[in-house]
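Within every chain, numbering begins at 1; the chains are lettered A, B, ... in the order of the sequence lines, protein sequences first and strands thereafter. These values consider heavy atoms only, across backbone and side chains, with no hydrogens, waters or symmetry-generated copies.
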Amino acid sequence: MLQLPFIRENKELTLAGLKKKRVANADEAVEQVLTLDQQRRDTQKELDDVLAQSNAKAKEIGALMKSGQKEAAEAAKAETAELKSRSKELEESLKALEQQVMDVLVTLPNLPHSSVPEGRSAEDNEVVLENGDKPVLGDDALPHWDLIKKYNIIDFELGIKITGAGFPVYKGKGARIQRALINFFLDKALEAGYLEVQPPILINKDSGFGTGQLPDKEGQMYFATADELYLIPTAEVPITNLYRDVIVSEDQLPVKNVGYTPCFRREAGSWGAHVRGLNRLHQFDKVEIVQIRKPEESYQALEEMSLYVQGLLQELELPYRVLRLCGGDMGFTSALTYDMEVWSAAQQRWLEVSSVSNFETYQANRLKLRYKVEGKTQLLHTLNGSALALPRILASILENNQTPEGIRIPKVLVPYCGFEVIN
RNA sequence: GGAGAGAUGGGUGAGUGGCUGAAACCAGCAGUUUGCUAAACUGCCGUACCCGUAAGGGUACCGAGGGUUCGAAUCCCUCUCUCUCCGCCA
């Protein structure tokens, strides 16, 4: 959520940012927020004054009662009636105005960092770098959805029976390589100084609001109606919400957490071409890194996180590229996002496997996540990144490493898998 | 699921209608002093919003929401959570 005082003092900057993010009704929305906010403040001033008068009168009455001046006290009581009804009115309109400000404010996305390129869609994203050699496969190379059948390691039909489309069953070496990847990713994060956490994978409304999934992305999450809990779309949500309503003491910074969780996404309306096999699932596994940083350090941290993720891809011997997302393609809550894509040799396309973002104060403002600087509380910056999401990593390992003798497991994973080839 | 008890500031914990934004103690911060890796003493020590260039002032908050009252941490209602006992159970 954007900070109201910031919008007030930086209206033009706000508008420019929102337009870069391709917000359709930016002028209108900002104007509305500022007008409502002014009304809100006026109303609060008036209410506070009325309440101050009421408090003074109440004290007066108390004193009169004590000194036995009953009649004077009764007379004073009569005077409070008007103040009371007035304060009630004002309180109601204050509440209404606060709600209205909030309603518009939550529709505004985060402002993009100055380095974010202009653009409308994925085609406008900036390729920051490309690394690794794309393998050249023979004509008989298979896409991963055929390889998983050939080697009987992932079963989509079985998943359909148990749950539905997009919920695959991993079997044998398929299950073992999943477990290997998770452990590999967690171990690497531990080496890099992250604290491992195992959060719940169901979250309440407040948590959904804290990281920005609610109110506007309600339809993307599975919802357990009996208990009003959402299945997490990413570990970002529970891990970042660990720090909701927290004033972190300076010596605990920076916070670096890593967690493995399954992730659940309804992906309503996003099925079609290019989503075969492991390319898009309703349930998948992911290791997520989350950092909480002082504002002045957050962009340096973002670069570190990007390099960290790239290091993982290098160790897995996967050709990858890094994109800086353009204003129109960025997430709602992000100020700057790098996407990491790996080359999927049989499909001949790039697959997104990680998204590393700095949210600046946007989430922290919702979370009320702060620290103290010289006695004053100040919002912190939150960042997170996939490190990494499994399915597409697995897809490209399967495709890129296929040989007539079977699928070669990347060296770093062999100790974790306990086998060198899937055949 | 059934029965009972409870929820106060970073922690412990007092407070049952006005003198309480809240005692006391601990932790923390600043300083004074003592010749010793510590003690004693003094002061400070919650959050948010509003007015103000500032100094400063106002308002709200004692699990959450509502109500009674001139006045609520304190009384009433609803909800949430925690603990204890019983039941069930990985």
Could you tell me if Q363(A) and E236(A) have a donor-acceptor pair between their side chains, going purely by distance under 3.5 Å? yes
Give a yes-or-no answer on whether the side chains of Y260(A) and D285(A) include a donor-acceptor pair shorter than 3.5 Å. yes
Per the ring pair (Phe, Tyr, Trp, His ring centres under 6.0 Å) rule, what does the pair list look like for residues 6-26 of chain A, sequence neighbours excluded? none
What pairs meet the ring pair (Phe, Tyr, Trp, His ring centres under 6.0 Å) rule with one or both residues in residues 203-229 of chain A, with sequence neighbours excluded? F223(A)-Y230(A)
K188(A) vs E315(A), salt bridge (charged side-chain N to carboxylate O under 4.0 Å, His left out): CA-CA, chis, key distance, verdict: CA-CA 11 Å; K188(A) 295 304 289 186; E315(A) 287 203 64; 2.6 Å; yes
Please list, chain by chain and in numerical order, all residues satisfying side-chain hydrogen bond (donor to acceptor under 3.5 Å, both in side chains) with S386(A), sequence neighbours excluded. none
Along nucleotides 49-64 of chain B, 5' to 3', which nucleotides get a B, which get an S, and which get a -, given that the test is a protein heavy-atom distance under 4.0 Å? BSS------BSS----
Provide a list of protein-nucleic acid N or O atom pairs under 3.5 angstrom, restricted to nucleotides 17-20 of chain B.
| unit_1 | atom_1 | unit_2 | atom_2 | d |
| --- | --- | --- | --- | --- |
| G18(B) | N2 | A58(A) | O | 2.8 |

Taking only side-chain nitrogens and oxygens of R370(A), does any of them come within less than 4.0 Å of OP1 or OP2 of A48(B)? yes
Over how many whole Å does the gap from D245(A) atom CG to G46(B) atom C1' extend? 14 Å
Hey, what are the protein-to-nucleotides 29-31 of chain B N/O distances that come in under 3.5 Å?
none

Would you call R244(A) and L369(A) a side-chain contact if the rule is heavy atoms closer than 4.5 Å? no
If you assign I247(A) and K88(A) each to the RNA chain B nucleotide with the nearest heavy atom, which residue ends up on the more 5' nucleotide? I247(A)
